[in-house]
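One structure below.
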Amino acid sequence: MANGNHIRRIGLLTGGGDCPGLNAVIRAVTKSAVARHDIEVFGIRDGFLGLIEDRIHPLGFEDVSNILDRGGTILGTSNKADPSRFAVGRDAHGDPIFEDVTSRVVDHVATHRLDAIVCIGGDGTMSGAARLADHGVPIVGIPKTIDNDLMHTDVTFGFDTAVSTATDALDRIRTTAASHHRVMLVEMMGRNAGWLTLHSGAAAGADVILIPEIPYSLDVVCDACVRRSKKGRAFTIVAVAEGSAPVGGSVVVDHVVHESPDPIRLGGVSEVLCAQIAEQTKLESRATILGHVQRGGRPTARDRVLGTMFGQHAVAQLVSGELNRMVAMRDGSLTTVPLAEVADKQRLVPPDDPLLDACRAIGTCFGERT
Ligand code: F6P
């Protein structure tokens, strides 16, 4: 295959929160680069941290054999290492001291004679990658996240596996909810986007689905639970996204990671709501926070296929000279979009998403007043 851009050596990193399918992408990038284009591949440990600390090592066929079905990332990752704002220590109050260490990264890229870096990550990684591109480091991005919230791609790998995991959890909650005649709330990840909760909630037939894009009314949610119990349906399943908030209210913050480019960690809305529902309806209620179980485990077949296609396409784009772009899936076709158009943006569930309409048609409550 022609290598019009004379790419000979590439670095490969996985940044941000991990998700199932990362190893499928690492495998596809490495194998297609080596076998099809005769490019040497270098694995960068722990995302941008490895670029900052110069932890860069050759990656060959043997290293990526037998990893397709493995969760996590063999390269490691970090969601606290933005080169333009890197925590180099702490001040007298214990607060992090930040420095721009981009020049270190540029030096390490030059020392290893890397012609480009393949950055596999979510919006934080794409933002960091776009800034590196501005400093002359050629980049290609590959979209990853269970949140499915990257702009300009219809889907990210990791999402399908997370939806399956969350759906399985909701199915299991349903049987115990029925036995005990309870209101059961299940909290899903997703930050400010409701994709994971909407899709798993729909797949498991949740009675109430609460997502950040639709602020909820506590009264409407309680009415839905009481109506079901009056109709003789002695339990209610509420799928709630961690970023959900009541009308006029705010999200529930679990903790703050000061070193992280995106420091707020959400969590706990299901517990708050559970207490409020129990108090207002007198129905016995329980909350379960699924947490990082949604990021772990073996990728589904779909995520392995998507990861393989994204990985191969990224290398093909590099070779054809398409730099500083992110691979994307649009209307079923692989394409690329400029990194700058993805950086610092989030793709939320639009009000006209067809799945919202389908769920409303079958009586799912979104906590909104109608
Ligand atoms: O972006 C992926 C994600 O899992 C979010 O859904 C979640 O809010 C966040 O990362 C959790 O981050 P951490 O792994 O730092 O707790």
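Counting starts at 1 for both ligands and their atoms, following the listed order. Quick note: numbers below take in every heavy atom, side chains included, and nothing from hydrogens, waters or symmetry partners. Position 1 is the first residue of the sequence; numbering continues from there.
At a heavy-atom cutoff of 4.0 Å, ligand 1 is contacted by no atom of L196, backbone or side chain.
Selection from I264, T145, D147, D123 by nearest heavy atom to atom 5 (C) of ligand 1 gives D147.
At distances below 3.5 Å, at least one donor-acceptor pair connects side-chain atoms of D100 with backbone N or O atoms of T102.
Of all atoms in ligand 1, numbered sequentially from 1 with element shown, those under 4.0 Å from a heavy atom of N79 are 15 (O). Of all atoms in ligand 1, listed by their number and element, those nearer than 4.0 Å to a heavy atom of H292 are 13 (P), 14 (O), 16 (O). Within ligand 1, the atoms closer than 4.0 Å to a non-hydrogen atom of R265 are 11 (C), 12 (O), 13 (P), 15 (O), 16 (O), numbered from 1 in the order shown.
Given atom 11 (C) of ligand 1, the protein heavy atom at minimum distance is R295 NH1, 3.7 Å. The nearest heavy-atom contact from the protein to atom 7 (C) of ligand 1 is E242 OE2, 3.4 Å.
Contact analysis puts G190 in contact with ligand 1, with a non-hydrogen atom separation below 4.0 angstrom. At a 4.0 Å cut-off, not a single heavy atom of L266 sits close enough to ligand 1 to count as contact. Put simply, no part of Q294 is less than 4.0 Å from ligand 1, judged by heavy atoms.
Tracing side-chain contacts under 4.5 Å through hydrophobic residues (I, L, V, M, F, W, Y), one never reaches V251 starting from I211; they form parts of separate clusters. Transitive grouping of hydrophobic side chains (ILVMFWY, heavy atoms separated by less than 4.5 Å) brings I67 and V34 into a common cluster.
Residues D344 and S127 bring a donor and an acceptor atom of their side chains to less than 3.5 Å of each other.
Tested against T336 for a side-chain hydrogen bond (donor to acceptor under 3.5 Å, both in side chains), the candidates H313, R330, H152, R325 yield a single pass: R325.
With sequence neighbours excluded, no residue forms a ring-ring contact (aromatic ring centres under 6.0 Å, His included) with F310.
Note that R228 lies in the cation-pi zone of F235, set by a 6.0 Å cut-off to the ring centre and a 45° limit from the axis.
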